[in-house]
Asks: 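The structure follows.
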Amino acid sequence: MGNLFSFRYGLLLSILLFSISLYGFVKEYKHSHIEDNSFSTQEDQYVDDFQLNPLKNNDLPNKSVNSDKDSSLPFNSSPIYRDISLNVSDSWITLGDSVDSLMDKLGSPNRIAKTEMDYDYYVYNKDYSKLLLVAIRENEVIGYYTDSIDFNYLDIEPGSSLDMVNKTLNSSFSLDYVLTHTTENYKLHIFMDELGSHAVTGISLLSTDVKEKAYTVRVMRDTELLVYDLTNSIRERMGLPLLSWSSTAARAAERHSKDMAEHSYFDHYDSYNNTPGDRLNKEGISYQSIGENIIAGYENAIISCHAWFNSPDHRDNILNKNFQSLGVGYTYLENSIYKKYITQIFYR
């Protein structure tokens with residue numbers, strides 16, 4: 001069995017070296033240290049659910065994001081303006097809107113996040129049930145993402161069925177966690193709940209003329225906060241308490257992502273054989289329970305969080321009602337195997 005694993009792992013890595021942009025992988029880690037105080041003489045209970053099966057629940061190829069699964073039409077035939085407009089929070093947002101127009105409708109953003117592309121995200125996260133990211137370049141709206149409970153795009157809404165999406169886009173998608181529809185002017189992602197409701201959970205639309213800019217320290221830190229926002233948005237939508245941000249856990253997560261990139265591995269055990277719990281302890285954090293999700297090679301924070309949400313064990317970590325805090329660490333290293341690495345550490 002060990003030889004078979006080594007062969008498969010070696011084969012996988014060799015394939016990735018030739019097509020690095022087409023694949024990404026995810027893993028989860030759970031480790032609970034639970035104290036039972038009902039009997040003063042009873043020892044602490046220890047539970048460890050740690051799975052490392054290759055290409056099963058915890059290691060999933062990036063199935064459709066970078067190799068676009070377009071609809072049957074080369075261009076969207078919807079009326080002009082309607083197919084580039086989003087209704088959210090009782091406001092219409094359209095590609096080409098000015099920043100002044102956006103802020104007249106929604107007010108000032110709660111944060112402006114730098115991205116590795118030639119646009120910034122204006123982040124509206126005051127109410128996580130209505131999370132909205134608006135892509136701004138040169139004072140103009142060039143895209144948006146939302147999983148708000150009230151969005152409407154071409155009558156596609158949260159909870160819309162796959163049949164509804166196919167009918168609206170005149171396409172023939174099969175169920176996937178993200179459906180990609182490309183036109184001459186924009187790329188549309190429809191995010192689905194592949195594990196549960198099989199319905200729409202979010203939407204992203206972005207101009208096709210965007211360009212990669214730079215992976216600065218600011219970009220990496222802002223990406224971590226986007227992952228935090230997206231995670232809390234999922235929890236809010238599912239009726240769970242929000243997680244508090246832990247800068248200390250984020251430091252541990254960032255070091256692990258950097259270690260994976262620099263030492264060419266993808267695992268919860270780091271290059272020193274430390275576990276996620278060991279890494280938290282080194283930062284001075286004591287915990288009762290801990291969970292870790294890692295992902296590598298995926299396009300961005302939005303795609304990564306929806307990939308986690310559509311993998312059973314990673315969803316379990318995101319939706320664990322016992323966790324109270326979250327730290328996120330993101331690293332980009334051009335000459336590494338997967339280039340992009342994200343680590344989430346949940347704990348209580």
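Computed from a predicted model, the values in this text were never measured in an experiment.
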Asks: Strictly by modelled atom types, are Thr231 and Gln344 linked by a side-chain donor-acceptor pair under 3.5 Å?
Replies: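 Short answer, yes.
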Asks: To check you understand the geometry: which heavy-atom pair defines the closest contact between Ile156 and Met164, and what is its length?
Replies: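 So the minimum-distance heavy-atom pair works out to N-CE, 4.1 Å.
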Asks: I'd like to know if the side chain of Ser89 reaches the main chain of Ser91, judged simply by a donor and an acceptor atom lying under 3.5 Å from each other, with no hydrogens or angles considered.
Replies: no
Asks: Examine the side chains of Tyr265 and Asp259 and answer whether a donor and an acceptor come within less than 3.5 Å of each other.
Replies: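 Present: a donor and an acceptor within the cut-off.
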Asks: Answer yes or no for Arg237 and Phe309: cation-pi contact, defined as NZ/CZ to six-membered ring centre under 6.0 Å and angle to ring axis within 45°.
Replies: yes
Asks: What orientation do Phe346 and Phe323 show, parallel under 30°, tilted 30 to 60°, or perpendicular over 60°?
Replies: parallel
Asks: Any Lys/Arg nitrogen of Asp270 or Arg255 sitting under 4.0 Å from an Asp/Glu carboxylate oxygen of the other?
Replies: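 Result for this pair is no, no salt bridge flagged.
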Asks: If you apply the rule side chain to side chain contact (heavy atoms under 4.5 Å, CB included), what do you find for Leu131 with Thr146, and how did you get there?
Replies: CA-CA 6 Å; Leu131 178 66; Thr146 189; 5.5 Å; no
Asks: For the pair Val134 and Leu132, evaluate side chain to side chain contact (heavy atoms under 4.5 Å, CB included) and give the outcome as yes or no after the intermediate values.
Replies: CA-CA 6 Å; Val134 183; Leu132 172 66; 3.8 Å; yes
Asks: Looking only at heavy atoms, what is the nearest atom pair of Thr343 and Glu292, with distance?
Replies: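 Answer, listing the atom of Thr343 first, then Glu292: CG2-OE2, 3.6 Å.
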Asks: Under the salt bridge (charged side-chain N to carboxylate O under 4.0 Å, His left out) criterion, do Lys187 and Asp209 qualify, and how do the steps go?
Replies: CA-CA 10 Å; Lys187 179 180 286 188; Asp209 68 349; over 6 Å; no
Asks: Can you find a side-chain donor-acceptor pair between Asp100 and Ser98 that sits under 3.5 Å?
Replies: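 There is no such pair (donor and acceptor under 3.5 Å, judged by atom type) between the side chains of Asp100 and Ser98.
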Asks: Between Arg137 and Asp118, is there a salt bridge with N-O shorter than 4.0 Å?
Replies: yes
Asks: Scan side-chain atoms only and decide if Asn281 and Tyr287 contain a donor-acceptor pair under the 3.5 Å cut-off.
Replies: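 Distance-only check fails for Asn281 and Tyr287.
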Asks: Name the orientation class of the two ring planes belonging to Phe266 and Tyr338 (parallel below 30°, tilted from 30 to 60°, perpendicular beyond 60°).
Replies: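 Perpendicular.
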Asks: When you look at Asp163 and Ser161, which way does the side-chain hydrogen bond (donor to acceptor under 3.5 Å, both in side chains) test go after all the steps?
Replies: CA-CA 5 Å; Asp163 287 344; Ser161 67; 5.1 Å; no
Asks: Could you check Lys167 against Asp155 for salt bridge (charged side-chain N to carboxylate O under 4.0 Å, His left out), going step by step and ending with a plain yes or no?
Replies: CA-CA 11 Å; Lys167 181 178 179 180; Asp155 295 327; over 6 Å; no
Asks: Tell me yes or no: between the side chains of Asp104 and Ser101, is some donor less than 3.5 Å from an acceptor?
Replies: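 No donor-acceptor contact under 3.5 Å links the two side chains.
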Asks: Cut-off 3.5 Å, side chains only: do Ser148 and Asp150 have a donor facing an acceptor?
Replies: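 A donor-acceptor contact under 3.5 Å links the two side chains.
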